[in-house]
Protein chains: 2
Amino acid sequence: MLIRLDSALPTPLFEQLASALRSAIIDGRVIGGERLPAARQLASSLGLNVHTVLRAYRLLRDEGLIELHRGRGAVVVVRIGGHAALAGAIHDLVDEAKLHDLPEGALLALVSAAYRSSPSSPSVLRTAPTRYS
Amino acid sequence: MLIRLDSALPTPLFEQLASALRSAIIDGRVIGGERLPAARQLASSLGLNVHTVLRAYRLLRDEGLIELHRGRGAVVVVRIGGHAALAGAIHDLVDEAKLHDLPEGALLALVSAAYRSSPSSPSVLRTAPTRYS
DNA sequence: CATATTGTGCTATTCGAACTGGAACAAGTT
DNA sequence: AACTTGTTCCAGTTCGAATAGCACAATATG
């Protein structure tokens, strides 16, 4: 597993790290049950602070992709059937978006909006209902 | 068009506004050639600063969804064939993600990573190549 | 049992970016 | 000419990321 991090990018380091690991898990390059390196070890390998690595690990744990145990480290969760369908759907969407010359940010925002369409709550209402055009 | 904004959310106001307009365009609820309300007018309607609205407009312009002209306002770009296929691909992906109980942030990060897989550049290399288990 | 390993929790600090806001300006419309 | 509308420059303030150190708890290992 090759991990490239760039502190100059706007994306936080812990997010870059989590993203690399996440993609590896979804793509099946890391098998369920496999153990990730210890946080302190990975931190010194990448020249990062332990907290940064642990934050990435905690993020992946909250997403249900890995498990964290004291003394045991981080272990990839075993998923039945894997994530092939998900990976395929992602690929299809990206292809379609590039056909439309849609930038990354716009695509992400659209996916985000669609994700929240179903169950989420708008919570606080800042403005009164408005109509235009 | 009903627009709900919430300054308490972590998402910036200009992004919330852009997101609402973007979804409306992609979903076809706003037709190509149609004119969006003037920035100052929309700002006072929503209780926002003009900059916030204009930043949302500028964002949509950079994404190729609208055009901005002084004295004329913001006009939705006319797209041949519309965005039906794109909207469908987004819907499919979100469904698949929810089947896997994948949180929104994780989904967005995966899409982002897939988007950059093809042409992007890793630029600066912060760490030496590393291997783990 | 004793020791080392590994994640958890807490507090604090520094740094930079991002968001919001005000005012003047430029280009187009009427 | 007057008005409308987006553009630009500048400033203030808030917020999060990253780092750091330390003590603690649970697990593994000998």
Side-chain angles (χ1 to χ4, degrees), chain A residues 3 5-21 33-77 105 108-109 124 126-127 132-133, chain B residues 5-21 34-77 105 108-109 124 126-127 132-133:
Chain A
I3 298 182
L5 298 181
D6 181 1
S7 59
L9 292 178
T11 311
L13 291 173
F14 79 91
E15 236 298 324
Q16 293 183 40
L17 177 57
S19 195
L21 298 173
E34 196 166 342
R35 179 180 172 181
L36 300 182
R40 287 175 175 84
Q41 173 190 336
L42 186 56
S44 75
S45 286
L46 298 175
L48 297 178
N49 191 284
V50 194
H51 288 86
T52 307
V53 174
L54 280 169
R55 184 162 180 188
Y57 278 6
R58 210 175 312 131
L59 184 58
L60 295 176
R61 180 201 56 188
D62 293 344
E63 295 171 0
L65 296 178
I66 67 175
E67 284 180 357
L68 292 177
H69 300 284
R70 278 184 278 214
R72 210 186 317 170
V75 182
V76 178
V77 166
L108 296 181
V124 181
R126 182 185 172 122
T127 65
Y132 66 82
S133 169
Chain B
L5 299 180
D6 181 1
S7 59
L9 292 177
T11 311
L13 290 173
F14 80 91
E15 236 298 323
Q16 293 184 40
L17 177 57
S19 195
L21 298 174
E34 196 166 342
R35 178 180 172 180
L36 300 182
R40 285 174 176 82
Q41 172 189 336
L42 186 56
S44 76
S45 286
L46 298 174
L48 298 177
N49 190 285
V50 194
H51 285 86
T52 308
V53 175
L54 279 170
R55 183 160 180 188
Y57 279 6
R58 209 175 314 132
L59 185 56
L60 295 177
R61 180 201 56 188
D62 293 344
E63 294 171 1
L65 296 178
I66 67 176
E67 285 179 356
L68 292 178
H69 300 282
R70 278 187 276 214
R72 208 187 318 170
V75 182
V76 178
V77 166
L108 296 182
V124 181
R126 179 181 175 125
T127 66
Y132 65 82
S133 173

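Computed from a predicted model, the values in this text were never measured in an experiment. Numbered from 1 within each chain, the chains take letters A, B, ... in sequence-line order.
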Enquirer: Considering residues at least two apart in sequence or located in another chain, which fulfil the side-chain contact (heavy atoms from CB on, under 4.5 Å) criterion with Ser44(A)?
Expert: none
Enquirer: Between Glu67(A) and Val77(A), which heavy-atom pair has the shortest distance, and what is it?
Expert: CG-CG2, 3.7 Å
Enquirer: Rounded to whole Å, how long is the line connecting atom CG of Leu68(B) with atom C1' of dT4(D)?
Expert: 14 Å
Enquirer: Rounding to 10 degrees, work out the angle separating the end axes of the helix from dC1(C)-dG30(D) to dT30(C)-dA1(D) (five pairs an end).
Expert: 40°
Enquirer: Ignoring backbone atoms, test whether Arg35(B) places a side-chain nitrogen or oxygen under 4.0 Å from the OP1 or OP2 oxygen of dT5(D).
Expert: yes
Enquirer: Quickly work out the Glu67(B) CD to dT5(D) C1' distance and round it to whole Å.
Expert: 15 Å
Enquirer: Quickly work out the Leu9(B) CG to dT20(C) C1' distance and round it to whole Å.
Expert: 17 Å
Enquirer: Working to the nearest 0.5 Å, report the span between CG of Leu21(A) and CG of Leu65(A).
Expert: 10.0 Å
Enquirer: Mind calculating the distance between CG (Leu36(B)) and C1' (dT4(D)) to the nearest angstrom?
Expert: 16 Å
Enquirer: Which heavy-atom pair separates Ala109(B) from Ser19(A) by the least distance, and what is that distance?
Expert: O-OG, 3.9 Å
Enquirer: Looking only at non-hydrogen atoms, find the nearest pair between Gln16(A) and Thr11(A) and report the distance.
Expert: NE2-O, 2.8 Å
Enquirer: Starting at the 5' end of nucleotides 20-28 of chain D, put B wherever the base has a protein heavy atom under 4.0 Å, S where only the sugar-phosphate does, and a dash everywhere else.
Expert: BB---BBBS
Enquirer: Does the Arg72(A) side chain pair with the main chain of Arg35(A), one donor and one acceptor, at a distance under 3.5 Å?
Expert: no
Enquirer: In whole angstroms, how far is the P atom of dT5(D) from the CD1 atom of Ile66(B)?
Expert: 15 Å
Enquirer: In a table with atom names and distances, give each donor-acceptor pair under 3.5 Å that connects a side chain of residues 51-62 of chain B to protein atoms at least two apart or in another chain.
Expert:
{"from": "His51(B)", "atom 1": "ND1", "to": "Asn49(B)", "atom 2": "OD1", "distance (Å)": "2.9"}
{"from": "Tyr57(B)", "atom 1": "OH", "to": "Pro37(B)", "atom 2": "O", "distance (Å)": "2.7"}

Enquirer: Once rounded to the nearest 0.5 Å, what's the spacing between atom CG of Leu13(B) and atom CG of Leu46(B)?
Expert: 9.5 Å
Enquirer: Check whether any side-chain heavy atom of Leu36(A) lies under 4.5 Å from a side-chain heavy atom of Leu42(A), and answer yes or no.
Expert: no
Enquirer: Could you list the residues that satisfy side-chain contact (heavy atoms from CB on, under 4.5 Å) with Ala38(A), not counting sequence neighbours?
Expert: Gln41(A)
Enquirer: As an exercise, state the distance from CG of Leu9(A) to CD of Glu15(A), rounded to the nearest 0.5 Å.
Expert: 12.0 Å
Enquirer: Output one line per pair: protein atom, nucleotide atom from nucleotides 17-19 of chain C, and distance, for all N/O pairs under 3.5 Å.
Expert:
{"from": "dC19(C)", "atom 1": "OP2", "to": "Arg55(B)", "atom 2": "NH1", "distance (Å)": "3.3"}
{"from": "dC19(C)", "atom 1": "OP2", "to": "Arg55(B)", "atom 2": "NH2", "distance (Å)": "2.7"}

Enquirer: Take the protein atom CG of Leu54(B) and the nucleotide atom P of dG22(C), then report the distance between them rounded to whole Å.
Expert: 14 Å
Enquirer: Whole-Å distance between dT6(C) C1' and Leu42(A) CG?
Expert: 13 Å
